[in-house]
Every structure is written in structure tokens, then in C-alpha cells.
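Not measured: the values here are computed from a predicted model. Convention: sequence-line order gives letters A, B, ...; per-chain numbering from 1.
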Amino acid sequence: MQNPATTDETRTELSKGYEHKDVEARWYRFWTERGYFHGDEQDHARPPFSIVLPPPNVTGSLHLGHALTATLQDVLVRWKKMSGYNTLWLPGTDHAGIATQMVVEKELKKTEKVSRHDLGRAEFLRRVWAWKERYGSRIGEQHKALGASLDWARERFTMDEGLSRAVREVFVRLHEEGLVYREKKLINWCPDCHTALSDLEVEQKDAEQGELWSFAYPLADGSGEIVVATTRPETMLGDTAVAVHPDDERYRAVVGKQVRHPLTGRTLPIVADAILVDPKFGTGAVKVTPAHDFNDFEVGKRHGLEQITVIGPDARMTAAAGPVAGLDRFEARRKVKELLAAQGLDRGTRPHLLAIGRCQRSQTILEPLLSDQWYVRIAPLAKPAIEAVEQGKTRFIPEQWTNTYMAWMRNIHDWCISRQLWWGHQIPAWYCPDGHVTVAREAPAACATCAKTALRQDEDVLDTWFSSALWPFSTMGWPDRTETLRTFYPTSVMETGHDIIFFWVARMMMMGIHFMGEVPFRVVYLHPMVRDEKGQKMSKTKGNVIDPLVITEQYGADALRFTLAALTAQGRDIKLAKDRIVCYRAFANKLWNSSRCALMYLECFEARPGAGADGRTAADRWILARTQRAVNETVAALEAFKFNEAAGTVYHFVWHELCDWYIELAKDALYGDDPSRKRAAQGTLVHALATALRLLHPFMPFITEELWHVLRAKVKGDAWPDAILAAPYPAAGAVDEAAERGFQPLLETVDAIRNVRGEMNIPPRAPLRIDIATEDPSVKAAFDAEQGLIHRLANVDRSDIYIAHTTRPAPTSAVAVRAGFEVRIHFGHAVDLGAELARIAKEIEKIEGDLGGVERKLANPSFVQKAPPEVVEKDRARAGELREKRGKLEAHRAMLSGTLDSPGASPGRRETMENENQNPSSPTPPSQPSSTASGAMETMEKVVTTVSEVGKAIGTAVASGVEAAVERVKAASTPRRPARKKAKKKAARKAAPRRAARKAGKKKAAKKTGRKPARRAAKKRGAKKRGR
RNA sequence: GGGCGGAUAGCUCAGGGGUAGAGCGUCGCCCUUACAAGGCGAGGGUCACAGGUUCGAAACCUGUUCCGCCCACCA
């Protein structure tokens, strides 16, 4: 690999299209070699910002969840770093007990045809470590390919020495405090993984169709029977009681009696238990199996019942199961039913929906099993973790997850932490031959109770999540009091998926508070789940998995990152569609090309602060204001964790403001001879582009770093930091609103001309003459100064632009009325009057729809009285504008239809500029006619619409003449509203007729079906009446 | 059984008491020398349904219907 710095510092030209492969390979090393990712624990001058990467499973390969995590965290970290923080993003991997053990076991089975038991514990662990050495760095490399600015020098592994020490320390201390204990209880057992699981690792799938089978227990005294119902007949071999409700009259007489077990001959008591039994369910009598059911276990404790284990760890029936001993649990189920039926005890079956707990990992149906396990007494740990969130020490974003966290924490059960696996932290507990337990940090020489030697360490390992719970501080060197902890704990943000709130977030909270005396993170940002484009979970079996590595290969890491960020809205899962990625790859290309374009214009440009400010045009000031606005919005969005808004803001700014407008606007100055204007435009362009690059850097680190260097070399920007990552993030500040507002008329004029061209099907290059009329001196000044951009962007010759107080009505013209000014477009040749009339009619209809709404509001006394004055004032102004617009458009329409009605207008006749000039109502035209326009006239062949066609188009023609219209215009007040975005205007134009049409449609539909019109419409009509 | 989301353009989604938005797709016109991975323009909506609050509701409240997701030991 070449030295990236030299490669790019000397590069002043860019390839025609963006090739992510050329760029992305280069920069990661550049950043790491310069130590940009290093979090400095000695630096107390800058405020700290730290994140610990949720450690991916060491077996893992990068999937979209990781990619999302990496992207969002990198966005935060790079943003904060550029904003002057001392950032630390700490990487690492998780040993992932069951997952890893299973992966390696599977591989061993495949390659060597051996099981872990064949190898023995020590040898098996050696193999797992070897596997970890071989593949454990893979996911780290994949994070690097994404550009993640992780501090690799601090990379940790949950089973490395330091973290293992932290695990033992925590275990021992909790044990000393009585918060870790060992007890024989029922646990969820996975017969496939052969281990205990915590409640959280049990998946309750949708209720499955099963059956509820009833059978009779004969009373021991032969006086009758009691019928019980069960979904698990095989467990009846472990029954040690039958329970009924104490208030149940049906069974009052038998409580205290015994039943005889039909398969074992044991006798069982009939007990009364109000908690377990719902008399309305089934027969109201319940078989009780304390060793195989969580409820029954409690009943057994209440009534002192025997616990008989009839299903073993391998899910086969134990010797205690008598006639079915040795059978698999499901075979036993059938057999038990047969045996009981043979005795005539079958009392029927009915279908029953039941929820079955399955192993999260193997999907095996779990079995409650009575066994000795280690537990964390959780309530004392949960309490402060609840309080910390109540007190706002840790904040959840989106906020709704607070409830989820609280609900779980308040109803928490003790945590079973021992696992019957080999891969993991072996429990630091030793047993002496007498069975005494010694818990210690290191292997003790003798039993703490009886001083006997020959101790045996507990063979079980700890739940993987036990070590994960310590991650925010164990990775920083705890239990030592390190400088890193002092500087970077608590971490600033925990960013992870909401699927592990309980597994991980809650447990980190508890452990962090308990051992550090301080919450582990200030903010928990929970990102959405990534699904396929149909909203389905991605899974290999469905075949809908999008592999981030493939995406990165095809479209680039920047495109993937930007896509993920742009789709990350709070409170909704991400549906990832390929075309979004394609779209953002195009964005990278756009950015690339805009920089390429800028480079072309930057010959002889030197970046000197403030240089060229005096030559700035309105366009320069406009884009500078828009740049600042984009900065403000992006920063605000990032601060609120609104990644989609931040990404969307920069995207829109770069593409639609900087590229679509400003670069085009600036070309005159950039190509031109005026050195001061040129310098100003260059400076403005560089500023806007460099700002955009910095804004974008956290989202698209590679391309922005590349472009930064190229641009920096070109402009000889010695004041520029030599890496964009080392450059300051653009700071929020005041926006020059006057510059934004003042430029709006120019943009709208270009917009209007393009619109007319498009609507009337006039080719982009066809010559036009433009009249612009305004009575506002500042607007006029803006037009006078900036004719060039109308020329450039709307393809109108400078000599064909005429700016005055009024426009010159002409039948071969179209009119666009905007707030405070009016644009008349003269086609200068035969024109399709029908099309223009239709266009005008459409526009007037829209305006009238809007105006109707506003006028109705204003006519409503309670609106005027109760609405805030500024709202009323706004609507008044709007009504005025709309009336003005309508007046002007109607005058135009009247003029056009007047022309058509005049004797001269006949089918097939061509309207030319000449007869336009002969129009008595039009003021004197400018003295120099456009050569381009007249030349083109010859070649233009356009059939004029016939009078009858036009008649159709305009419907009922306006009766009023031009004079009347002009009068109306004058009468109408002309309050100005602030300039609006072009999109908004368009929307407003569009909205009105549709609304009107919708209403009309409603009425029509109502008439047809005889239904009442929708109430809202009725209400509105009512309001109108009341208003009058 | 509880709880939490969601329902807005053909699709994917923002927005959020005061003029219904974006991207993609569609249609029309442009190879204008940064970019056809492009430019310009257009069309496209009963903001799920029903009530309520309000001068004003897509937004707030209540209920309903669908769609997700969590939690829960009912035999």
C-alpha cells in the first residue's frame, strides 16, 4: 500500500466517477498510524466522550446489526472528536459461551468426528482457544472495513486475564455480601445444550396447538376417583399430590384423602391450594409434580411434598419413572396414556393452545429440572438501578424504553448464573471432600470450613452475560483504580439494540452502580432492529439476509453507513431496501463530482480567511446562509440522536442546494473575468464544500477524508488540519436570514420559468423573453443585480430580461405570480394559448381553494377572537397575497381570452411577437429585440389552438376585462410574507384543488349512496354559515 | 392476560395543533463540458376507522380494526 498522505496530497484531479474501492482501502491505516483513535486517559483538558462497543461474539461475522451499531457509534465518536472531545471508543469481543462452544463442537464433529467428551475438558478448551486465535480477529477486521474509529490498543476479550480477574472479583464480593448463593431449585434445562438457562434465555413462541388430556386418579380408599387434566401426561410419574381449590364444594369431602398412583402404587395426598388451582379450569383438580413444574414446585414447598425427578438431563425418563424408565419424554407421554387407558382411567382429550418454552439457541423444548445452581440475589441490585433511572442519572432514548426497563426491573427474579458448559469463566468455588464450599479469588489450598485439602473446583462456568455485565468497567482495568476509569467512566452513551435491554443494559446498570458507585452510562440509545424490505426478520432460512460485507464490496462502506444512518429513526424498525443503498452510493458519487467540479474552478485560489468577502454576490451570501442553516440543523439532530434527520439534512443541502443551485449559480462568476467576484465565488464554494465534507465526515468517513485532502492540496489551505478527522466540526451559529430571504425571488423566478417551460412543453433552450415586475425596491435591486443567474439557470438571454414596475401583457405570454413580484414569460412566437389558459385556470383554481379556506377562517369570529393574533395576522396576509395573485392571473386570463375573442384570432393563425407589439394595451417594448428570439421564430412551428378548443379549456370565461382586473389588483392589499421554500410553495399550489376535488368527491359519493356527507365537511360548511 | 410501537403518495418513510413532506418508482423534456450513478418539469394523498377536545386535529384524548414487538408459571 502506498503512503496515503503522499498519494493524495499531490493529487489534484479526480476520476470521473467515484470508485469506493480506490478510496476506502487507504484511509484506515492513515488514521490509526496517526493515533486519531486513541483515547487519552491523561488528557483532562478536553471533555471526555466514551463509548464501549457492545462486544460482538467472537464467533461472529459482521451482520447488519453490527454494521448499524458500528455506524451509529462511529458517527457519535467522530462527531464528538471533531467537536473537541477527548473520545474513547473501546472495542472487544465476547466469548459467547454456548454459541462458541457449539460452533467449535460442530466443527470438531465435522472435521475430526469427535465430541468434546471424546477430547476431554482441557483438550477441548485448548481447541476453542485455538479457534479463537484463528478467527477471533475476523469481526474486528470487518469493523475496520466499515471505518469504525475504535481504539484498538485497548481491545479486550471477556476471557482475557484482566477481565477474568474482574469476573472472579465480582463473584467473590457478591458472595461475601450474600448476593451470590447456591441452591437446589427448578431451573430451565436445555436437554440439547445440556445446561441450565436463565429465564431470559427461554423463548416463548406463539402458543402451539396441543391437547389437554384428562385421566382419573382412583381414591386410595376405593370410594371413587378424582379426574385431573394435563398437557404433560408423562410427568404424572412424578406426581406427589392432587390439588383442588379449598372453596370448591365438589371436592370438599376428598381434601385430605389419598389417591393411589395407578402406575407406581404410591399414595398421594389431595391438598387444597388456593393459589395454584382455578376451579373453573378443567376439572378443577390439578396433578402436582414439584420436580417438573414451576408452579407445582411452589405448591410442593407450601405443602411439604416430595420432589421426584422422573425426567433426567438427557430428557429421558429416570429410573424413578417405573414402567416408562429409559424412554424419551415424548415416547413416555404416549406410553403413559396407553397404560392409563388400559386401566380404564382415560377421561378424554380436548384441543388446547399452550405456550412452550424453547431454548433460545437450539430451539429445543426446555425441561424444568431440579438441580443445584448458582444465583445472583437480584432485588438488592435492582433497587438502585431503578432509582438511578428515576433520578435521571441514566436516560433512555427513545424514552419509551424507560418503561420497559422499569417494568422488568421491578418484577425481576433471581438470576441463575451457572451453566453446565466448558467454555467460559469457571466458577471460583471449590468443594472439599465433605462438601463444604470455599469461594475465593484464587484456588485455595484448603477448605475454608474444615481445612481439608484435595479440593475440587466447581465444574460449571458463568453465564456469558455475567462477564458482559461488567464490560463498561472491566475493560478499563477494574478492579484496579486506573486512570482510564477515572477519565472515561461513566461512559457517555450506551448504544445498542433494544433486544438486549434485559440481558445486558439492565445488568450493566446493576453491576456498574454496585461496583463503581456510579451508573455505567449517561444515555442509553436503543437503535432499531434491521429487517428486510418487507419488514421481516432477516434469517438464513428465509434467504432474505443482506450481508453488509457484500454491500460494502458492491457499494462501499460509506454508502452502507449513510444508508443505515439515514434510516435510523427513533421508534421504528429499519426496513432495509437495496435501492436506498444504491441511492446513497449515488450520493457519494454526487459529492465526488461536485468536488471534482470545484477543483476545476479553483486554479490560483488561495484559502485566506475572509478573502473575497467584498466581491460576494447575493448567491454567495445565500449559500453561506444555507450552509450555516444546514450546520445548525445537523448539529441539533445529532444532539438529539436523530440520525435520520442529520443525514437527511446534509444530503439535501449537498445535493439540492449546493449542487443543484449554488454551483450552477456560481459558474458565471467562476468562469468570468471579474477577479473579485471570482475570488468571492471560489471562497464561497470552498467554504460550503468543506463545511459539507466536515458535516458528512462522521457518516461517510472515507470519501470525505479523501476529498478533504484533494481540496486542501488544491487550495493550499495551510490553515486546514491535515486530516478531516482532525478538523473542527462546523459549529452552530446565527443564520443570515436576510440573505436567504433576499435571494428567494431569484430562485422562484428561475423556478417559475422552468415550470412554464415544462408545462407548456417549451424546450429548455428555446428563447424566451422575461418581464419581471415588482414594486419592492429591494426586490428590484436583487433582480437588477442578478440577471445573470436567470440567464444561466433559466436559459434566458440577458437582453431578453426586462425588469420594471409592471409587466407587459401580451397574448403570447404566460404569467407566474409570486409573493411581491410577478414574472411574465413571453414566448416570442406562436404559442399554444389553450395550454396557457388551462395552466392559468388550474392555478386560479388552486388559489381559490386556498383562499376559500383562509377566508372562511377569517370570517369566523371565534377564530379571529381566540386564535393567537400572529396566526390571524398571518392568515390575513396570506389572504391578501392570494387575492393579489388571483387578480393578476385573472387579468392575464382575461387578456388572453380577449385576444381569442378578437376578430383577428382565427383557427390556425400564428401569434407572433409583432402582433403582440401591436397590442394597444401593452406598454412600449424594450428597444432592442432579441436576435436569438426572432431568429428562432422562423424555425418554430406551433399550431395555435382554435377558439373553440380554448373555449373548452377555460370553461366559463372570465367576464371581467383587463382594467377591472387591474383595479382589483390595486385594491388588494399586498402584504409580504417571508420567502418560503420552493417545495412548500409547490405544495401549496398543488394542495388546494385536490382538497376541493376531494370535497366534491365526497359530496358526490354521498349523494350516490344516500349517506350523510362526512361529518367534518358538514362541520366546515356549518362553520361557514355561522360565520356569515 | 398485560405492556409498547406502527397504520401518512405506488414503495420506503419523515413530520407533528395553524398552507400535507422527502427519497425511490411513474410520466414528459433534456447527453447543458462536475456528475445519465446526471439535470429540469409534471402527476400522485379521506394522514386506518369512529367519537371527543379545540376558533382550528393528520397531529392531543377515548374507543375500534388490522400489523409488529416485548413481558407473563395458568394445569
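At the heavy-atom level, A:Asp660 lies under 4.0 Å from the strands shown only through sugar-phosphate atoms. The residue A:Pro868 sits close to a base: some heavy atom pair falls under 4.0 Å. No contact: A:Phe294 has no heavy atom under 4.0 Å from any strand. Looking at heavy-atom distances under 4.0 Å, A:Thr230 makes contact with sugar-phosphate atoms alone, never a base.
Comparing atom distances between the A:Ala586 side chain and each of B:C74, B:G23, B:A37 picks out B:A37 as nearest. Distances were taken from every side-chain heavy atom of A:Asp751 (C-beta onward) to each of B:G41, B:C24, B:A75; the shortest belongs to B:G41.
Taking CG from A:Leu268 and CD1 from A:Ile226, the interatomic distance works out to 11.0 Å, rounded to the nearest 0.5 Å.
Both A:Lys280 and A:Val871 lie close to RNA chain B; mapped to their nearest nucleotides by heavy-atom distance, the more 5′-ward contact belongs to A:Val871. Mapping A:Tyr584 and A:Arg580 onto RNA chain B by nearest heavy atom places A:Arg580 closer to the 5' end of the strand.
A donor-acceptor contact under 3.5 angstrom links the side-chain atoms of A:Glu664 to the base of B:A34.
Across B:G2 and B:A57, the matching C1' atoms stand 31 Å from one another, rounded to whole Å. Taking atom P on both B:A75 and B:C61, the two are 36 Å apart, rounded to the nearest angstrom.
Only one option out of A:Arg886, A:Lys885, A:Arg878 pairs with A:Asp850 in a side-chain hydrogen bond (donor to acceptor under 3.5 Å, both in side chains); it is A:Arg878.
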